[in-house]
Amino acid sequence: MTFDVSNRRRFVLSGVGVGAAALSLSGLPARAQPGSRVLRVGHQKGFLSLLKGRGTLEQRLAPLGVKLSWTEFTAGPVQLEALNVGSIDFGDVGEAPPIFAQAAGAPLAYVAATVPRPATEAVLVPQGSAIKTVADLKGKKVAYNKGSNVHYFLVKLLEKNGLKYEDVQSVFLPPADARAAFEKGAVDAWVIWDPFLAAAEVGLNGRILADAKGVVNNRAYYFSTLDYAAKNADVVKIVIEEINKLDQWGSAHRDALAAEFAPLWGLPKPVVDRSVARAVYGTGPITKAILHEQQVIADTFFNLKLIPKKINVLEAAVNAA
């Protein structure tokens, strides 16, 4: 498989890797000049990438005199660091990287969220595994990406099934390494998200032990900076509208959506079909209820000592309803 966003949810747990990441961002667009109307978008081979290809956002923003630039990233933390050093104004990310970014002092603003997508992350076991229930994970080796959305999912899944986090042997691995360990039988289970989940189901004959339905929501988020979002509310509103239009199109045209994602992700279409089929699409504005979900995740990560201090997620919102 050549899906090249395998580090999408890898994090620098001591912060967001300010020094190293800043050096790697030298090729990004410079800070906007005072008085100009610019939107610099970071994207990660997802819906924003499709939006870029369609050109509809440029058409919507042209009457406002807003110019766009696009920069592709392979990981949420580096994307958020670009935001922190003033190189982008808008981007997309999963649940966990914004929490680490806020804990590291980034001027992050949540501006939109997807609908819940719990079916797109799961605990995977080999087809012939003796593990039949979540309770059977006790004492077993479980691979997952440390500090990621699935880290939080695993904590809550174990809790729901009467187990403690310490009851499993955690093996911290990024997706590519976790896939190799799963294939070799070096771990008993793998907690992973789509499309890696679908790729392992199809290519490794993996069996879903439990997905996140009824456990966690697994949203994705769109972000800006507090300053940009406050000063350019009209721009942000249009971007969210265009993303949601694309979401609605994708929901109604899943075969066509999978056909676009397959080459973008470097995965066979049957794998992408499976991933797209179980996803739920829709994007809307941030609410206090949604931010409360993020606060619970942030508190969980603080209790696990994954972030150095408690954070107030409400401080990363602009006029949350």
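Bear in mind the structure is a predicted one, so any value in this text is a computation, not a measurement.
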Q) Checking ring-ring contact (aromatic ring centres under 6.0 Å, His included) for the pair F172/Y144: CA distance, chi angles, key distance, verdict? A) CA-CA 5 Å; F172 299 132; Y144 58 94; 5.4 Å; yes

Q.
Would K52 and V41 count as a side chain to side chain contact (heavy atoms under 4.5 Å, CB included) here? Give the steps.
A. CA-CA 9 Å; K52 176 190 175 186; V41 181; over 6 Å; no

**Q.** Side-chain H-bond candidate by donor/acceptor type, N218 with T120, under 3.5 Å
**A.**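 Distance-only check passes for N218 and T120.
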
Q. With no hydrogens and no angle check, do the side chains of Q102 and N312 hold a donor and an acceptor under 3.5 Å apart?
A.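 Checked: Q102/N312 side chains show no N/O donor-acceptor pair below 3.5 Å.
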
Which residues pass the ring pair (Phe, Tyr, Trp, His ring centres under 6.0 Å) test with [X], sequence neighbours left out?
X    : value
F302 : none
H253 : W249
F153 : none
Y228 : none

Do you know which two heavy atoms are closest between [X] and [Y], and how far apart they sit?
X    : Y    : value
S49  : Q44  : OG-C, 4.2 Å
A198 : V271 : CB-O, 3.5 Å
G42  : L48  : O-CD1, 3.5 Å
N84  : P107 : OD1-CD, 3.1 Å
Y221 : G94  : CD1-O, 4.1 Å
Q294 : E95  : NE2-O, 3.0 Å

Q: Evaluate the side chain to side chain contact (heavy atoms under 4.5 Å, CB included) criterion for residues L80 and F73: first the C-alpha distance (whole Å), next the side-chain angles of each, then the deciding distance (0.1 Å), finally the verdict.
A: CA-CA 10 Å; L80 285 162; F73 293 85; over 6 Å; no

Hey, any chance [X] and [Y] share a hydrophobic cluster, counting ILVMFWY side chains that come within less than 4.5 Å of each other, even indirectly?
X    : Y    : value
L61  : L50  : yes
L204 : L209 : yes
L304 : V215 : yes

Using the test side chain to side chain contact (heavy atoms under 4.5 Å, CB included), find all partners of [X] that sit at least two apart in sequence or belong to another chain.
X    : answer
D247 : F47, I243, N244, Y281, T283
A258 : K269, V272, D273, V276
P118 : P116, A212, K213
A298 : I99, Q295, I311, V313

So, [X] side chain and [Y] main chain: donor-acceptor pair closer than 3.5 Å or not?
X    : Y    : answer
W190 : R179 : no
E72  : H43  : no
R254 : S251 : yes

Q.
Test side chain to side chain contact (heavy atoms under 4.5 Å, CB included) on V123 and V134; report intermediate values, then the result.
A. CA-CA 9 Å; V123 179; V134 174; over 6 Å; no

Note, [X] side chain near [Y] side chain (heavy atom, < 4.5 Å):
X    : Y    : result
I131 : L137 : yes
D194 : R117 : no
T287 : P285 : no
E121 : L197 : no
Y222 : I240 : no
W265 : P195 : yes

(Q) Would you call the rings of F301 and F100 parallel, tilted or perpendicular, taking 30° and 60° as the class edges? (A)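 The arrangement is tilted - the two ring planes meet at 30° to 60°.
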
Q: Only pairs at least two apart or in different chains count here, so list each side chain to side chain donor-acceptor pair (under 3.5 Å) that has a residue in residues 150-164.
A: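 Found H151-Y165.
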
Which distance, rounded to the nearest 0.5 Å, do you find between the [atom1] of [X] and the [atom2] of [Y]?
X    : Y    : atom1 : atom2 : value
D227 : N232 : CG    : CG    : 8.5 Å
T114 : I290 : OG1   : CD1   : 8.5 Å
K245 : L51  : NZ    : CG    : 10.5 Å
L124 : D211 : CG    : CG    : 11.5 Å

Does this structure show an ion pair linking [X] with [Y], if we count only N-O contacts that are shorter than 4.0 Å?
X    : Y    : answer
E241 : K237 : yes
R40  : D89  : yes
K140 : D136 : no

Q: Dump the intermediate steps for side chain to side chain contact (heavy atoms under 4.5 Å, CB included) on S275 and F261, then the final yes or no.
A: CA-CA 10 Å; S275 176; F261 272 140; over 6 Å; no

**Q.** Contacts of type side chain to side chain donor-acceptor pair (under 3.5 Å), residue N303, not counting sequence neighbours
**A.**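 None.
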
Q. Tell me, which pairs form a ring-ring contact (aromatic ring centres under 6.0 Å, His included) where one or both residues lie in residues 48-68, sequence neighbours left out?
A.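 Not a single pair qualifies under ring-ring contact (aromatic ring centres under 6.0 Å, His included).
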
Q.
If the condition is salt bridge (Lys or Arg N to Asp or Glu O under 4.0 Å), which residues does E293 pass it with, not counting sequence neighbours?
A.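 E293 satisfies salt bridge (Lys or Arg N to Asp or Glu O under 4.0 Å) with R219 once adjacent residues are dropped.
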
Q) Testing L154, L158, D188 for side chain to side chain contact (heavy atoms under 4.5 Å, CB included) with V142, which one passes? A)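 Of L154, L158, D188, side chain to side chain contact (heavy atoms under 4.5 Å, CB included) with V142 is met by L154 alone.
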
Q. Around atom NZ of K231, are there more than 12 heavy atoms of other residues, nucleotides or ligands at under 6.0 Å?
A.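 At most 12 heavy atoms, drawn from other residues, nucleotides or ligands, come within 6.0 Å of this atom.
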
Q. Quick check: are there more than 12 heavy atoms from other residues, nucleotides or ligands sitting under 6.0 Å from NZ of K141?
A.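 Check fails, neighbour count at 12 or below.
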
